[in-house]
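The chain is numbered in sequence order, starting from 1.
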Amino acid sequence: MIVTVTLNAAIDKTYVLPSFTAGALHRPQQMLSLAGGKGINVARVARTLGIEVTATGFVAGYNGKMIAEGCAKHGITPSFCEIAGESRICMTFLDASSATVTEVLESGPAVDPDAFASFRAHLRKLAAQARYVVMSGSLPQGLAADSYKLLIEDVKTAGAVPVLDTSGEALARALPAQPFLIKPNRAEAEALLGYPLADLDARRQAVADLMLLGARHVLLSLGEEGALFGGGGFLYELPALPQGPVVNPVGCGDALLAGVVTGLVRGYTLAEAATLGIACAATNAMSLGAGVVQVADVERLWERAVCTAVK
């Protein structure tokens, strides 16, 4: 089983507009509403690929009930902790004329120390039954920057493998806890390391530097350029897969991570897991919703994925 942690869960609403103009009235051509937040996106992809997944984190109010119900609808076991307030809504506007994406992300409810202490105990119980625990997304209001570090330590104590996808100070403070795998994108890695990742040499150095800071493996997401996947003694370059028109790039990084972790759960080699992740990312880009893939598309694209060892 995989457990995913989304500390700031959301209802994700995606709107397709003929064009997006500030100050104008808009009538969407399409609208999709899903349970969201990065960890839930990971959970949805992994469950689509046939992995048993439990989703946890914090939910609040009416929106929180909708998030839990949305997870259950997709075969994900919801096991959230309820707090006061109202879970956030995140809106994505897809401009069909310019192919641009505009996002509006609410902050979400604050989490107090008692709620976080209760959640840590809850997560330890879930982690004791899991192989991997994937922690994704920003920290909600009220939580200290070292919160992911504490959760990684809890997951390890429970006997599961911690995977982390976050950024900024939360990532920097978590790295000394030595997560098994992290998945920064290019901008997040540049911000943390303080130098540009303009070429392969710089990206190779970034993977090495992130491992020196504590990560055991690094999945460096490079958007349209693919990804690098490195660990002790290996580094793979993964070009992005050619596909049809990009419908929505939101959630591609989550799909990438979900594919890699799914491959590891299935016992695939690191290279096979990495190419499955690239196939999931490409499939997500062709879908309207974040963290939405079709198995047939994943399998078709997986056959075309290339994984090259970097010397």
[X] and [Y]: which non-hydrogen atoms are nearest, and at how many Å?
X      : Y      : value
Gly223 : Ala240 : O-CB, 4.1 Å
Ala170 : Tyr148 : CB-CD1, 4.1 Å
Glu86  : Gly61  : OE2-C, 3.4 Å
Ala227 : Leu219 : CB-CD1, 4.4 Å
Pro179 : Leu164 : CB-CB, 4.4 Å
Asn8   : Pro109 : OD1-CD, 4.4 Å

Using modelled atom types and a 3.5 Å cut-off, is there a donor and acceptor pairing between side-chain atoms of [X] and backbone atoms of [Y]?
X      : Y      : value
Glu272 : Thr269 : yes
Arg44  : Ala290 : yes
Tyr195 : Ala206 : yes
Glu188 : Asn185 : yes
Lys125 : Ala158 : no
Asn284 : Gly291 : yes
Ser287 : Val292 : yes
Thr166 : Leu171 : no
Arg131 : Val265 : yes
Arg216 : Gln178 : no

Please tell me if the side chains of [X] and [Y] come closer than 4.5 Å, counting only heavy atoms from C-beta onward.
X      : Y      : answer
Leu150 : Phe116 : yes
Leu7   : Met135 : no
Leu151 : Val133 : no
Tyr236 : Thr308 : no
Ser136 : Thr6   : no
Phe229 : Leu270 : yes
Met31  : Thr14  : no
Leu123 : Arg120 : no

Test Arg204 against Val310 for side chain to side chain contact (heavy atoms under 4.5 Å, CB included), laying out the working first. CA-CA 9 Å; Arg204 179 190 303 167; Val310 178; 3.2 Å; yes
Look up atom [atom1] in [X] and atom [atom2] in [Y], then write down how far apart they are to the nearest 0.5 Å.
X      : Y      : atom1 : atom2 : result
Lys65  : Ile11  : NZ    : CD1   : 11.5 Å
Asp254 : Ile40  : CG    : CD1   : 10.5 Å
His74  : Arg47  : NE2   : CZ    : 11.5 Å
Glu299 : Leu276 : CD    : CG    : 9.5 Å
Leu257 : Thr262 : CG    : OG1   : 9.0 Å
Ile89  : Ile67  : CD1   : CD1   : 9.0 Å

Should [X] and [Y] be counted in the same cluster of Ile, Leu, Val, Met, Phe, Trp and Tyr side chains packed under 4.5 Å apart?
X      : Y      : result
Val45  : Leu32  : no
Val298 : Val261 : no
Phe234 : Val306 : no
Val250 : Met286 : no
Val134 : Val293 : no

Centroid separation Phe119 to Phe58 less than 6.0 Å: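 Yes, the ring of Phe119 comes within the 6.0 Å limit of the ring of Phe58, centre to centre.
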Ionic contact status for Lys73 with Glu69, cut-off 4.0 Å: no
If you draw a 6.0 Å radius around CD in Glu82, do more than 12 non-hydrogen atoms from other residues or ligands fall strictly inside?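 No.
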CE/Met66: more than 12 non-hydrogen atoms of other groups inside 6.0 Å: no
In terms of relative ring orientation, are Tyr15 and Phe93 parallel, tilted or perpendicular, with 30° and 60° separating the classes?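 Parallel.
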Going by the angle between their ring planes, with limits at 30° and 60°, are His26 and Phe20 parallel, tilted or perpendicular? parallel
If the condition is side-chain contact (heavy atoms from CB on, under 4.5 Å), which residues does [X] pass it with, not counting sequence neighbours?
X      : result
Pro249 : Val101, Val246
Asp12  : Ala10, Asn41, Cys90
Asp112 : Asp114, Ala115

Step by step, would you call Val3 with Val53 a side chain to side chain contact (heavy atoms under 4.5 Å, CB included)? CA-CA 6 Å; Val3 171; Val53 185; over 6 Å; no
Does one side chain, of [X] or [Y], offer a donor that lies under 3.5 Å from an acceptor on the other?
X      : Y      : answer
His122 : Ser79  : yes
Asp209 : Gln205 : yes
Ser98  : Asp95  : yes

Output, in order, the C-alpha distance, side-chain angles, deciding distance and verdict of side chain to side chain contact (heavy atoms under 4.5 Å, CB included) for Leu197 and Leu220. CA-CA 11 Å; Leu197 306 185; Leu220 178 60; 4.1 Å; yes
Walk me through whether Ser87 and Tyr62 qualify under side chain to side chain contact (heavy atoms under 4.5 Å, CB included). CA-CA 8 Å; Ser87 289; Tyr62 175 78; over 6 Å; no
Checking Glu237 against Arg203 for the salt bridge (Lys or Arg N to Asp or Glu O under 4.0 Å) test, could you report, in this order, the C-alpha distance in whole Å, the side-chain angles of both residues, the deciding distance, and whether it holds? CA-CA 10 Å; Glu237 187 174 16; Arg203 294 165 185 177; over 6 Å; no
